[in-house]
Amino acid sequence: AQKVTQAQTEISVVEKEDVTLDCVYETRDTTYYLFWYKQPPSGELVFLIRRNSFDEQNEISGRYSWNFQKSTSSFNYTITASQVVDSAVYFCALRFNSGGSNYKLTFGKGTLLTVNP
Amino acid sequence: DAGVTQSPTHLIKTRGQQVTLRCSPKSGHDTVSWYQQALGQGPQFIFQYYEEEERQRGNFPDRFSGHQFPNYSSELNVNALLLGDSALYLCASSNGQGAGKTQYFGPGTRLLVL
């Protein structure tokens, strides 16, 4: 079975602080995909990044970076110099390709990030 | 480039009633998935449609059914509504079914069952 754990339920920081959102996943498959989504108060899930299990290269996009480590089954998301606009619920999700017809995303429970001015 | 759209945005129903939610996928996408998100939880997969057929189903009862039309739009139907069906219902579309395909989500329909 596949599972995603986001142990941090809520995080509160002050603007300009750096913050890391943790994501730990479980899967027995060798081919799988990891995703991060952002959900602002409006409710729409916004896609942030996708990583496949064969690409452990870290990703940096401006203030945002992702650290994928297969050895620890983690795919963490770091926001540098956080801003109020970063406030949202962040979801990590897993999808695997077992050769069968598994098409669903399995989500973690999410981390509510509040960035205070 | 239009994103995923859903209607209605909000809905209030009473127990036992039936509801239909609608979704139009992102331009160029042919696969639609539906998710239920209870308050404070992550989205839970309901089912996915591709080529007008239900391809996979999550752990939801038969009261939840769907349909996909030739233009790739989709409907989610819920019969005999229960209080526990109150949630945000999200539609996601992708270009194909593969596990590596990114799903793009709509704004959701907030359903309240009284």
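We use all heavy atoms of the structure for the numbers below, so side chains are in, but hydrogens, waters and symmetry mates are not. Keep in mind that what you see is a predicted model, and the values were worked out from it rather than measured. In what follows, every chain begins at residue 1, and chains take the letters A, B, ... in the order their sequences are listed.
Note on V13(A) and W36(A): same hydrophobic cluster, where clusters join Ile, Leu, Val, Met, Phe, Trp and Tyr whose side-chain heavy atoms are under 4.5 Å apart, directly or indirectly. Criterion: ILVMFWY side-chain heavy atoms under 4.5 Å apart, direct or through other members. Under it, I79(A) and I11(A) are part of a common hydrophobic cluster. Both L34(A) and Y90(A) are assigned to one and the same hydrophobic cluster, defined by single-linkage of ILVMFWY side chains at heavy-atom distances under 4.5 Å. Under the 4.5 Å side-chain heavy-atom criterion for ILVMFWY residues, a single connected hydrophobic cluster contains both V113(B) and W34(B). Both V78(B) and Y49(B) are part of a single hydrophobic cluster, where members link through side-chain heavy atoms under 4.5 Å apart.
L105(A) CG to Q44(B) CD: the interatomic distance, rounded to the nearest 0.5 Å, is 11.5 Å. Note: Y104(B) OH to Y37(A) OH = 7.5 Å, rounded to the nearest 0.5 Å. Rounding to the nearest 0.5 Å places CD of Q37(B) at 6.0 Å from CG of L45(A).
Between Q39(A) and L88(B), the closest side-chain pair of non-hydrogen atoms falls below 4.5 Å. Using a 4.5 Å heavy-atom cutoff, the side chains of F45(B) and F107(A) are not in contact.
Between the side chain of R95(A) and the main chain of T102(B), no donor-acceptor pair closer than 3.5 Å is present.
Environment of CG in L83(B): crowded, with over 12 heavy atoms of neighbouring residues, nucleotides or ligands closer than 6.0 Å. By the 6.0 Å contact criterion, OH on Y72(B) is open, its count of non-hydrogen atoms from other residues, nucleotides or ligands being 12 or less. The environment of CZ in R15(B) is sparse: at most 12 heavy-atom neighbours from other residues, nucleotides or ligands sit within 6.0 Å. Dense packing is recorded around CG of N71(B), with more than 12 heavy atoms of other residues, nucleotides or ligands lying under 6.0 Å away.
At a 4.5 Å heavy-atom cutoff, the contact between R110(B) and chain A is made by side-chain atoms alone.
Most heavy-atom pairs under 4.5 Å with chain A, from the set P43(B), G108(B), G58(B): that is P43(B).
Among the residues in residues 109-117 of chain A, those with a non-hydrogen atom closer than 4.5 angstrom to a non-hydrogen atom of chain B are K109(A). Residues of residues 47-78 of chain A placed with any heavy atom under 4.5 Å of a heavy atom in chain B are listed by number as F47(A), R50(A).
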